[in-house]
Visitor: 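Next up is a structure, given as structure tokens.
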Amino acid sequence: MHVLAVDDSSVDRKLLEMLLKSYDYRVTTAESAKTALELLGLEKGLSHKRPKVNMIITDYCMPDMTGFDLLKRIKESSVLKEIPVVIVSSENVPTRINSCLEEGAEDFLLKPLRQSDVSRLCNRVGRMS
């Protein structure tokens with residue numbers, strides 16, 4: 001399983017990476033939604049061979065482009081729309097959570113992420129693949 005973890009906070013990216021690797025997931029990290037789009041082949045930029053990603057976990061609040069905007073771009077893509085996207089945020093805003101879920105997010109989790117959150121996600125995504 002390969003997860004793309006997107007967060008502008010290096011500490012949060014590292015925590016997410018450690019939690020996912022404890023489940024033997026391969027993790028690619030991106031510090032912005034723009035970088036994530038480049039990695040996924042949706043943005044002009046570095047010519048990467050698009051990695052096969054089984055799940056995307058992204059922070060909601062990031063400069064330039066939010067996790068919600070990233071979610072919309074992924075769900076608009078005929079190639080990527082089936083990849084589960086999970087939004088994480090330190091802010092518990094019900095309207096924001098509902099908007100993300102209505103747009104197609106697999107889940108919306110509150111920071112700080114815990115082992116139990118990642119365990120639940122891994123089980124769900126494992127059943128989907």
Side-chain angles (χ1 to χ4, degrees):
M1 292 289 284
H2 184 193
V3 178
L4 175 60
V6 187
D7 200 311
D8 59 313
S9 162
S10 60
V11 172
D12 287 337
R13 266 195 325 271
K14 198 61 169 164
L15 172 64
L16 183 53
E17 185 177 11
M18 286 174 28
L19 288 170
L20 289 165
K21 283 186 174 181
S22 73
Y23 286 89
D24 294 326
Y25 276 31
R26 194 163 65 101
V27 181
T28 299
T29 61
E31 71 281 352
S32 69
K34 185 177 184 306
T35 303
L37 289 172
E38 289 171 1
L39 288 168
L40 293 166
L42 288 179
E43 203 59 27
K44 289 182 180 162
L46 303 173
S47 57
H48 286 104
K49 180 181 159 219
R50 191 173 75 240
K52 181 178 179 344
V53 173
N54 304 96
M55 178 170 51
I56 299 166
I57 301 177
T58 181
D59 185 26
Y60 183 91
C61 292
M62 294 183 290
D64 299 326
M65 179 186 269
T66 67
F68 180 71
D69 294 328
L70 176 60
L71 168 69
K72 289 197 301 188
R73 289 286 302 273
I74 291 165
K75 294 305 175 184
E76 289 167 358
S77 164
S78 59
V79 177
L80 303 174
K81 67 182 178 186
E82 298 304 317
I83 299 173
V85 178
V86 176
I87 309 283
V88 294
S89 179
S90 56
E91 301 172 6
N92 187 355
V93 181
T95 54
R96 181 180 294 169
I97 295 168
N98 289 336
S99 294
C100 289
L101 295 174
E102 287 170 6
E103 194 63 41
E106 182 69 26
D107 207 344
F108 192 106
L109 302 174
L110 293 175
K111 291 181 181 179
L113 287 180
R114 297 178 306 274
Q115 190 78 38
S116 59
D117 295 324
V118 175
S119 173
R120 189 166 42 87
L121 281 179
C122 292
N123 287 334
R124 183 184 309 157
V125 172
R127 284 194 305 269
M128 290 168 50
S129 55

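The chain is numbered in sequence order, starting from 1.
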Visitor: Applying side-chain contact (heavy atoms from CB on, under 4.5 Å) between Val6 and each of Lys34, Glu31, Arg13, Met62, report the one that passes.
Guide: Met62

Visitor: Under the salt bridge (charged side-chain N to carboxylate O under 4.0 Å, His left out) definition, can you give me all pairs with a residue in residues 89-100, not counting sequence neighbours?
Guide: Glu91-Arg96

Visitor: Please, which pairs that meet salt bridge (charged side-chain N to carboxylate O under 4.0 Å, His left out) have at least one residue in residues 58-71, sequence neighbours excluded?
Guide: Asp59-Lys111

Visitor: Taking side-chain contact (heavy atoms from CB on, under 4.5 Å) as the test, write out the residues that go with Ser22, two or more places apart.
Guide: Gln115

Visitor: Side-chain heavy atoms under 4.5 angstrom apart, residues restricted to Ile, Leu, Val, Met, Phe, Trp, Tyr: same cluster for Leu39 and Val79?
Guide: yes

Visitor: Are any non-hydrogen side-chain atoms of Ile57 and Leu121 less than 4.5 angstrom apart?
Guide: yes

Visitor: Step by step, work out the side chain to side chain contact (heavy atoms under 4.5 Å, CB included) result for Tyr25 and Met55.
Guide: CA-CA 10 Å; Tyr25 276 31; Met55 178 170 51; 4.2 Å; yes

Visitor: Among residues at least two apart in sequence or on other chains, which ones pass salt bridge (charged side-chain N to carboxylate O under 4.0 Å, His left out) with Arg73?
Guide: Glu43

Visitor: Rounded to the nearest 0.5 Å, how far does CG of Asp7 lie from OG1 of Thr58?
Guide: 7.0 Å

Visitor: Quick check: is Leu113 connected to Val93 through a chain of hydrophobic side chains (ILVMFWY, heavy atoms under 4.5 Å apart)?
Guide: no

Visitor: Applying salt bridge (charged side-chain N to carboxylate O under 4.0 Å, His left out), can you list everything that pairs with Lys14, at least two apart in sequence or on another chain?
Guide: Glu17

Visitor: Is Leu71 reachable from Leu101 through a run of I, L, V, M, F, W or Y residues, each pair having side-chain heavy atoms under 4.5 Å apart?
Guide: yes

Visitor: Suppose we screen for side-chain contact (heavy atoms from CB on, under 4.5 Å). Which residues come up paired with Ala5, at least two apart in sequence or across chains?
Guide: Leu16, Val27, Thr29

Visitor: Do Ile56 and Leu110 belong together in a cluster built from hydrophobic side chains that touch within less than 4.5 Å?
Guide: yes

